[in-house]
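Inspection log for the structure reproduced underneath, given as structure tokens.
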Amino acid sequence: MQQTITIRTEQPNDYETVETLTRKAFWNLYVPGCHEHYLAHIIRNHEDFLPELDLVLELDGQIIGNIMYTKSRLVDPDGEEKTILTFGPVSIDPQYQRMGYGKQLMEASFQKAAELGFEAIVIFGSPDNYVSRGFKSCLKYHISLEDHTYPAAMLVKELKPDALDNKNWVYFQSPAFDFDPEDAEQFDANLEHWEKKWQSSQESFYIISRSLLQNPE
């Protein structure tokens, strides 16, 4: 039986479904519990949030995936700024992961982002999940954090060839991602109780999120 896949923009009546989906996707994945569903809850009200790139994937009418984008920026040594994109949270219902739905959702979002005129995306994530989607190390694009470090988890994708022009860039993430963990815990306390526990993926996250690449120059 053929399944019907629809990718469309998120609507207000999807918010609760998407936040529950996000909670399921991230629960105990990186830390005991998670905060990504709270981020999804608050990020929509930030000026850097892009509703036109807030997409859901429906399978036979049921939302099983979501991706959200915000604006971020790169600054070169001369102070020139380039507005780029960051996505997250990106969520696929756990029972539908590793089936290609995340790939379809991301590729649709990349196409739409390029159509809107955006030239590059910078994210933080596991290389195993994103290099197959065209992301490369930040070091290859000479993009560092403000302290001149190159996190192993900071990945870059050009939506327009040579958009980054082989310059040295400093990445600045949107303040849309800043929140008080206590507020997130209070938000979560009002939801259905789920057990917080340890699993091995948390150690993998600990390692990759604290790893830096050495600039040979």
Side-chain angles (χ1 to χ4, degrees), residues 1-11 14-31 33-41 43-44 49-72 84-116 118 120-138 151-159 173-174 176-177 194 199-202 204-205 207-209:
M1 183 177 180
Q2 188 170 359
Q3 296 172 315
T4 301
I5 297 172
T6 303
I7 296 175
R8 59 171 176 80
T9 54
E10 185 192 41
Q11 301 301 312
D14 301 322
Y15 290 176
E16 185 175 350
T17 299
V18 166
E19 290 165 22
T20 300
L21 163 70
T22 303
R23 191 180 187 222
K24 287 171 63 178
F26 285 96
W27 195 256
N28 293 330
L29 182 62
Y30 297 141
V31 296
C34 73
H35 290 154
E36 281 79 2
H37 56 301
Y38 177 68
L39 176 60
H41 182 71
I43 203 171
R44 300 183 188 97
F49 179 70
L50 292 161
E52 59 269 47
L53 288 174
D54 175 14
L55 305 179
V56 297
L57 185 149
E58 289 182 331
L59 181 63
D60 293 335
Q62 174 189 351
I63 294 175
I64 66 162
N66 169 249
I67 189 167
M68 296 182 170
Y69 279 81
T70 56
K71 295 178 184 177
S72 51
I84 61 164
L85 296 174
T86 299
F87 65 68
V90 54
S91 311
I92 298 293
D93 188 302
Q95 66 178 314
Y96 296 103
Q97 291 177 6
R98 310 298 179 188
M99 296 181 180
Y101 298 115
K103 172 184 175 180
Q104 292 183 62
L105 183 57
M106 281 192 284
E107 292 295 341
S109 73
F110 299 158
Q111 180 178 343
K112 190 165 187 177
E115 291 171 355
L116 290 170
F118 293 101
I121 303 170
V122 175
I123 61 168
F124 288 86
S126 170
D128 287 344
N129 293 336
Y130 296 105
V131 293
S132 62
R133 304 274 64 79
F135 283 85
K136 298 180 181 180
S137 166
C138 61
M154 189 161 77
L155 308 173
V156 182
K157 179 182 175 67
E158 285 187 322
L159 297 172
Q173 183 172 266
S174 169
F177 289 90
W194 292 355
Q199 59 186 41
S200 60
S201 59
Q202 295 170 21
S204 297
F205 172 74
I207 293 169
I208 191 65
S209 64

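A donor-acceptor pair is defined here as one N or O able to donate and one able to accept, closer than 3.5 Å; such a pair exists between the side chain of Thr86 and the backbone of Val122. Side-chain N or O atoms of Glu10 include none that pairs as donor or acceptor with a backbone N or O of Val56 at under 3.5 Å. No donor-acceptor distance shorter than 3.5 angstrom exists from the side chain of Ser91 to the backbone of Asn66, with no hydrogens or angles considered. For Gln3 (side chain) and Leu59 (main-chain N/O), no donor-acceptor pair under 3.5 Å exists by modelled atom type. Looking at Asp93, its side chain never comes within 3.5 Å of a backbone N or O of Ala25 through a donor-acceptor pair.
The structure places OG1 of Thr4 at 10.0 Å from CD of Glu58, a figure rounded to the nearest 0.5 Å. Separating the CD1 atom in Ile43 from the CG atom in Leu50 is a distance of 9.5 Å, to the nearest 0.5 Å. Residue Ile63 holds its CD1 atom at 3.5 Å from CG of Asp14, rounded to the nearest 0.5 Å. Taking CD1 of Ile84 as the start and CD1 of Ile121 as the end, the distance is 9.0 Å to the nearest 0.5 Å. Between the CD1 atom of Ile64 and the CG atom of Leu57 there is a distance of 5.0 Å, given to the nearest 0.5 Å. Taking CE of Met106 as the reference point, atom CD1 of Ile7 lies at 11.0 Å (rounded to 0.5 Å).
Taking every heavy atom of both residues into account, Ser109 and Tyr69 meet most closely at OG-OH, 2.7 Å. Annotation for Ile208 and Ala153: closest pair O-CB, 4.0 Å, computed over non-hydrogen atoms. Closest heavy-atom contact between Phe26 and Pro89: CE1-CB, 4.1 Å. The shortest non-hydrogen separation linking Ala176 to Thr70 is CB-CG2, 4.2 Å. In this structure, Gln11 and Arg8 approach most closely via the heavy-atom pair CG-NH1, 3.9 Å. Pairing each heavy atom of Tyr101 with each of Tyr96, the nearest pair is CD1-O, 3.4 Å.
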May I have the step-by-step check of salt bridge (charged side-chain N to carboxylate O under 4.0 Å, His left out) for Lys112 and Glu52, ending in yes or no?
CA-CA 9 Å; Lys112 190 165 187 177; Glu52 59 269 47; over 6 Å; no
Start with the C-alpha gap between Leu155 and Lys157, add the side-chain angles, then the distance that decides, and say whether side-chain contact (heavy atoms from CB on, under 4.5 Å) holds.
CA-CA 7 Å; Leu155 308 173; Lys157 179 182 175 67; over 6 Å; no
Step-by-step side-chain contact (heavy atoms from CB on, under 4.5 Å) determination, Lys136 to Val156
CA-CA 5 Å; Lys136 298 180 181 180; Val156 182; 5.7 Å; no
Starting from the C-alpha separation in whole Å, work towards a yes-or-no answer on side-chain contact (heavy atoms from CB on, under 4.5 Å) for Glu16 and Glu19.
CA-CA 5 Å; Glu16 185 175 350; Glu19 290 165 22; 5.5 Å; no
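For the pair Arg44 and Tyr15, the cation sits on the ring face: its NZ or CZ lies under 6.0 Å from the ring centre, inside 45° of the axis.
Proximity of Val18 to Met68: side-chain heavy atoms (C-beta onward) are separated by under 4.5 Å at one or more points. Proximity of Leu159 to Gln111: side-chain heavy atoms (C-beta onward) are nowhere separated by under 4.5 Å.
With a 6.0 Å radius and a threshold of 12 heavy atoms from other residues, nucleotides or ligands, Glu115 has its CD atom above the threshold. The 12-atom threshold is not exceeded at NZ of Lys71, counting heavy atoms of other residues, nucleotides or ligands nearer than 6.0 Å.
Using cut-offs of 30° and 60° for the angle between ring planes, the Tyr130 and Phe87 rings count as tilted.
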